[in-house]
Amino acid sequence: MTWIVQNLWLVPALPTVAAGISALASRRNRVLAASLAIGSMAVSFLLSVIAFAHVLSLSNQGLPARQVVDFRWFQFGNEWLKLGWMLDPLTAVMLVMVTLVGLLIFIYSVGYMEHDENFTRFFCFLALFAGAMLGVVISNSLLLLFMCWELVGLTSYLLIGFWYHKPEAAAAGKKAFIVTRIGDLGFFIGMAWLYAQTGTLLFYDGGSGCLEHSALATLVTHITVTGMAASTGIALLIFCGAAGKSGQVPLHVWLPDAMEGPTPVSALIHAATMVAAGVFLIARVYPLMSAHAGPGLELTPTTALIVVTWVGAITAVFAALIATAQWDIKRILAYSTVSQLGYMMMGLGIGGVAIGMFHLITHAFFKSLLFLGAGSVIHGCNGEQDIRKMGGLRKSMPITFLTYAVGMLALCGFPLFSGFWSKDEILHAANTWSISKAPFYLGAFGALLTAFYMTRQVYYVFAGSSRLDSATASAHHAASTPHESPAIMTIPLTILAAFALLLGLVDTPAWPWFESFLSGKHAVVRFSAFSGPGLLSVMLASSIVVFIGLGLGWYFYGRKPIASADAPDAVGRLQSQVFTLLGHAFYVDALYGATLVRLNTAWSRICDWLDRWIWNGAVQTLSHLVLAFAWLDNIVDTKVVNAGFDEGCQTVSLGGQIFSRLQGGRVQSYLRMIGIALIALAGFLLWGATR
């Protein structure tokens, strides 16, 4: 086993240690905190590249690319609980992506957070967040993955609510933490069930792991009382955790509110780390998700994968519809992320690990580019996030505009951009799905909506003239002039734009390198693959859909300049009620507030009443009874037992005193007593004689 495999734990450990050192530093040590975070992430990136090269070398040699290192953690009874880490193609790709995108976001953050008084604390949380995500990626144990998973949840709470003096940020942090815990409860139950069935939580352990053949064979043949295989039940419970982290309907409500955190946090959460963790989890446990009860069923989708597919397809369209009517530049991108995560889940459910993960990788680069670009816009507009109050930024922020345009086209799936190749793979797989064509049509409609709302956003932000000085703008922004961001922010944008443009070329139909790498095969260039069944027709149809979306965006928002910040939306004028419905995100939060939140509030009040008057009343009654018995016992003890005992003691003492006088040792007393006794005896005898 090579050095990099044995020391792979250093990749997550370095940012974690950097976070620990920064936590002990004072607020003034800004340079130290930033240097530790960026330096540790840079070293982790280099180690990730070495690990990737090692896996690539093994694959090229035709050798098994998966290597694991397991160790004993602690013992209970005769059993040892083991943890471990793993290096395989999936791990290698994720490590490179997370460390590279994270490194660029860290560098960008130096410029974005320059004037924040809590600069040191921010980089401490940021480094810990990255370390936790990297721990999720390398884990060979579902338990270790869950530990790092929960640490990701903790740090997301700290970062989303970083500006805790804002009530909205504090509420958003709590909302993200609570909603994701709902999904994690299912995850935890599934993990416990898996351990009960297999006796291990190691993924791979020389044939004895929970994702290996012997364990899977046991799981698919064990039928529960509901008639469901244990493998299906466990897979669905684990998917609950993935749905929470990756913002799938109905647990998506936390993700748009996460925009209350600093923009680099939004980029990290929505691109490379937290939301990607759910998709990665499904990819990691894919053998469990796709386990079948017998041979010959391999091509039949399992119940778990069918659920994943439908949830993903519904989420993709649901979030895209909402994004068409949002005004906050980051909230539009947030709903876009929810939508794209739906595509990833749909890709995993229909096409397998390679298709879903390829879209995750491409999305990480172009979505981080878009969020950082939005941060650059907000920075250049002195904190403004309402797209209605922007406009005309193409001239004042040319680098931001060009890079943002690249990210926008990649997200839309414009031909030859990275999103085009990854999105088309999903649509092509959906077109050939044996269960239903509905996910394909939902995916195509979602692609049209994506092109439409991103075109709308770009026209509002970059086209026309500036509306920052309009009558509706606040006094703070009225006198501000938009300006380009510094180089420390624009250089990461340029690098990400290059990846957003070119990354898709690593998995085209002619050269499916990414898919071959994950499966451990050797990729071959074959241009004849474009003639595969239905491939060109899907590519053509998806391209037409994208152009229709772009055209509709131009028709409604590009033909006429947007006059002022208070001008009504062009689509909103046509269907104001529908636009209002979408603007309020289908009132899902209001629905939850009126049902689940109110029910929870009512139940908490009932519990409080029960606690105060029933349980506490019972305790108080019992305590009073105990006190009464104690008082009664005290009376009996004092007035009866003690009194009788004291009286007896006094009687014995008096008797002792009387009899002690008979034993005084004085002869005179003895003679006096004898004399008295003789007189008494003589008197008794005389009395008897007279009778």
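The model shown is predicted, which means the values in this text are computed figures rather than measured ones. No hydrogens, no waters, no symmetry mates; every other heavy atom, side chains included, goes into these values.
- Residue S214 comes nearest to G207 through the heavy atom pair OG-O, 3.0 Å, listed as atom of the first residue, atom of the second, then distance.
- Aromatic ring centres of F280 and Y286 lie farther apart than the 6.0 Å criterion allows.
- The aromatic rings of F74 and F76 lie tilted to each other, with the angle between the two planes from 30° to 60°.
- Counting only distance, with no hydrogens or angles, the side chain of T155 and the backbone of F125 share no donor-acceptor pair below 3.5 Å.
- Considering R66, Q6, H54 in turn, H54 is the only one that fulfils the side-chain contact (heavy atoms from CB on, under 4.5 Å) rule with L87.
- The aromatic rings of F371 and H270 are tilted relative to each other, their planes meeting at an angle between 30° and 60°.
- Within 6.0 Å of atom CH2 in W9, 12 or fewer heavy atoms from other residues, nucleotides or ligands are found, so the atom counts as exposed in its surroundings.
- For the residue pair S139 and S141, no side-chain donor N or O sits within less than 3.5 Å of a side-chain acceptor on the partner.
- Scored by the side chain to side chain donor-acceptor pair (under 3.5 Å) test, K437 finds N431 as partners (sequence neighbours excluded).
- Without hydrogens or angle criteria, Q197 side chain to L194 main chain gives no donor-acceptor distance under 3.5 Å.
- At most 12 non-hydrogen atoms from other residues, nucleotides or ligands lie less than 6.0 angstrom from CZ of F527.
- Scanning all heavy atoms of the two residues, the minimum distance from A304 to A235 falls at CB-CB, 3.8 Å.
- With hydrogens and angles disregarded, no donor-acceptor distance shorter than 3.5 Å links the side chain of S44 to the backbone of M41.
- The backbone N or O of A243 sits nowhere less than 3.5 Å from a side-chain atom of Q248 that would complete a donor-acceptor pair.
- Between K175 and D257 there is a salt bridge, with a side-chain nitrogen of the basic residue lying less than 4.0 Å from a carboxylate oxygen of the acidic one.
- Closest approach of Y157 to G173, counting heavy atoms only: CD1-O, 3.2 Å.
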Apply side chain to side chain contact (heavy atoms under 4.5 Å, CB included) to residues L143 and W73 and explain how you reach the verdict.
CA-CA 11 Å; L143 178 59; W73 187 26; 4.0 Å; yes
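- D205 and S208 share no donor-acceptor pair across their side chains, judged by distance under 3.5 Å alone.
- Taking each heavy atom of L341 and S246 in turn, the nearest pair found is CD1-O, 2.9 Å.
- Contact of the Y204 side chain with the D70 side chain is not registered, since no non-hydrogen atoms from C-beta on lie closer than 4.5 Å.
- A donor-acceptor distance shorter than 3.5 angstrom exists from the side chain of T273 to the backbone of L268, with no hydrogens or angles considered.
- S339 places no side-chain N or O within donor-acceptor distance of the main-chain N or O of Y335, the cut-off being under 3.5 Å.
- Within 6.0 Å of OH on Y195 lie more than 12 heavy atoms contributed by other residues, nucleotides or ligands.
- A distance below 6.0 Å separates the ring centres of F318 and H252.
- The number of heavy-atom neighbours closer than 6.0 Å to OH of Y441, taken from other residues, nucleotides and ligands shown, is 12 or below.
- Within the 4.5 Å cutoff, side-chain heavy atoms of M86 are placed close to those of R284.
- A donor-acceptor contact shorter than 3.5 Å links the side chain of W254 to the backbone of G244.
- Side-chain contact annotation: D184 with W149, donor-acceptor N/O pair under 3.5 Å present.
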D88 vs T91, test: side-chain hydrogen bond (donor to acceptor under 3.5 Å, both in side chains). Steps then yes/no.
CA-CA 5 Å; D88 67 348; T91 300; 2.7 Å; yes
Determine, step by step, whether L142 and F187 satisfy the side chain to side chain contact (heavy atoms under 4.5 Å, CB included) criterion, reporting the C-alpha distance in whole Å, the side-chain angles of both residues, the deciding distance to 0.1 Å, and the verdict.
CA-CA 10 Å; L142 192 60; F187 184 5; 3.8 Å; yes
Which is it for F365 and V101 under the side chain to side chain contact (heavy atoms under 4.5 Å, CB included) test, yes or no, and what are the steps along the way?
CA-CA 7 Å; F365 285 94; V101 175; 3.7 Å; yes
Before giving the answer on side-chain hydrogen bond (donor to acceptor under 3.5 Å, both in side chains), spell out for T224 and T226 the whole-Å C-alpha distance, their side-chain angles and the decisive distance to 0.1 Å.
CA-CA 5 Å; T224 64; T226 61; 2.9 Å; yes
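- Across T221 and A217, no two heavy atoms sit closer than the pair OG1-O, 2.9 Å.
- For the pair R181 and F177, the distance from NZ or CZ to the six-membered ring centre is under 6.0 Å and the angle to the ring normal is within 45 degrees.
- Under a 3.5 Å cut-off, the side chain of W85 and the backbone N or O of G135 do not form any donor-acceptor pair.
- Residues S422 and T362 bring a donor and an acceptor atom of their side chains to less than 3.5 Å of each other.
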Start with the C-alpha gap between H359 and E425, add the side-chain angles, then the distance that decides, and say whether side-chain hydrogen bond (donor to acceptor under 3.5 Å, both in side chains) holds.
CA-CA 9 Å; H359 195 56; E425 284 193 359; over 6 Å; no
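- With a 4.5 Å cut-off on side-chain heavy atoms, S418 and F366 count as touching.
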Can F239 and I234 be said to form a side chain to side chain contact (heavy atoms under 4.5 Å, CB included), step by step?
CA-CA 9 Å; F239 177 63; I234 294 170; over 6 Å; no
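- Comment: K521 does not engage E515 in a salt bridge, judged by the lack of any side-chain N to carboxylate O separation of less than 4.0 angstrom.
- In this structure the side chain of I138 never reaches within 4.5 angstrom of the side chain of M94, judged on heavy atoms.
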